[in-house]
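Data block below; observations after.
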Protein chains: 2
Amino acid sequence: MKRPLLHPQPEELRLESVLYALADPVRLEIVRRLVTGDCPLNCSAAAPAHLPKSTQSHHFQILREAGLICSERRGTEVVNTLRLDEIEQRFPGVVTAILKAAKPFQCPDADGNA
Amino acid sequence: MKRPLLHPQPEELRLESVLYALADPVRLEIVRRLVTGDCPLNCSAAAPAHLPKSTQSHHFQILREAGLICSERRGTEVVNTLRLDEIEQRFPGVVTAILKAAKPFQCPDADGNA
DNA sequence: TTCAATAGTTCGAAACTCTTGAACTTCTGT
DNA sequence: ACAGAAGTTCAAGAGTTTCGAACTATTGAA
């Protein structure tokens, strides 16, 4: 079977699902990594080290179905990007405030400045 | 036994717990009711109608232990208030953005103005 | 084309959490 | 002291989460 990584449309995003997805330390960390280096990361690179692959896969599914990330197959790997703009448009300030609160020490911006 | 409604200190608040608490539709609705009418509400008044009391109690416990609400016994009932200022100070913008996103239609303020 | 390696996904079982009725505790008014 | 009101605790069934084992898809040789 081939379920091709379904992503919700912007209108379909549910606030509860977004919060639920971010309420897990592992998933919050994944999102944090995706936002800091703003290039697509494959699953292993985005997830904390030593996390079993099956657990990884589960977390990425939850992030994807909440609409937080977009995952595409690229050869043998799946690369992930944050859907930050869409989420900001639908729920302004929510994810940015969470990400700010989640990392009180380091705050590099998108242009690479510290 | 008498566990006297423990509340975490502001420094003890964990972002994950706050998000987790707000990721449930029932609890989000409770918080929404507590913020709109900004007077203390007892559990039955703050919770959605017809929710079993045991379930109510469970949800209030999670909100309390996440640090989102303060619950005090007042005679035979327990009255609840949002700990909005403390949470805003610890995680600026997070809960306010969530509450804004959670109610796109209605925004009556405390004075009864629309 | 076939093989092995790499990157993820699916399955299944144990551990954990959520929901809810039943029983219990606290406080108030009579 | 008793009945009633408001919550809490307990226990059981349903639903999740975690993670190893088996599986699938893609690539790059041989």
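Naming convention: chains lettered A, B, ... in sequence-line order (proteins, then strands); numbering from 1 in each chain. Note that the structure is a prediction, hence the values are computed from the model and not measured.
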*Send over the distance from A:Leu6 CG to C:dT9 P, rounded to a whole Å.*
13 Å
*Taking only the side-chain heavy atoms of A:His59 (C-beta and beyond), determine which of C:dT19, D:dT18, C:dA7 contains the nearest atom.*
D:dT18
*Whole angstrom is fine here: how far is it from CD in B:Gln61 over to P in D:dC10?*
11 Å
*asked:* I want to check one thing: is the phosphate of C:dT17, taken as OP1 and OP2, less than 4.0 Å away from some side-chain N or O of B:His58?
replied: no
*In terms of side-chain heavy atoms of A:Thr55, which of D:dT26, C:dG8, D:dT18 is nearest?*
D:dT18
*Starting at the 5' end of DNA chain D and moving along, which residue's nearest nucleotide shows up first, A:Arg27 or B:Gln56?*
B:Gln56
*Interatomic distance, B:Leu41 CG vs D:dG7 P [rounded to whole Å]*: 11 Å
*asked:* Nearest 0.5 angstrom please: B:His7 NE2 to B:Leu13 CG, how far?
replied: 11.5 Å
*Which nucleotide, C:dT20, D:dT18, D:dA6, lies nearest any side-chain atom of B:Lys53?*
D:dA6
*Choosing from D:dT26, D:dT8, D:dG20, which nucleotide comes nearest the side chain of A:Thr76?*
D:dT26
*What is the distance, rounded to the nearest whole Å, between atom CD1 of B:Ile69 and atom C1' of D:dG7?*
13 Å
*Nearest to side-chain heavy atoms of A:Ser57, which nucleotide of D:dT9, C:dT10, C:dG21*: C:dT10
_Whole angstrom value for the distance that separates P of D:dG7 from CG of B:Asn80_ = 8 Å
_salt bridge (charged side-chain N to carboxylate O under 4.0 Å, His left out), paired with A:Arg14, selected from A:Glu16, A:Glu11, A:Glu12_ = A:Glu16
*asked:* How many whole angstroms separate atom CZ of B:Arg73 from atom P of D:dA6?
replied: 12 Å
*Check the distance between D:dG28's P and A:Glu77's CD and give it to me in whole angstrom.*
11 Å
_Value in whole Å for how far the C1' atom of C:dT20 lies from CG of B:Leu51_ = 10 Å
*Ignoring hydrogens and angles, answer whether the base of D:dG20 and the side-chain atoms of A:Ser54 contain a donor-acceptor pair closer than 3.5 Å.*
yes
*Apply the test side chain to side chain donor-acceptor pair (under 3.5 Å) to residues B:Glu65 and B:Ser17: give CA-CA distance (whole Å), side-chain angles for both, the deciding distance (0.1 Å), then the verdict.*
CA-CA 8 Å; B:Glu65 294 181 352; B:Ser17 309; over 6 Å; no
_For the backbone of B:Val79 and the side chain of B:Asn42, can you confirm whether one donor and one acceptor N or O come within less than 3.5 Å of each other?_
no
_One thing to verify: whether B:Glu86 and B:Arg90 come together as a salt bridge, which I'm taking to mean a side-chain N less than 4.0 angstrom from a carboxylate O._
no
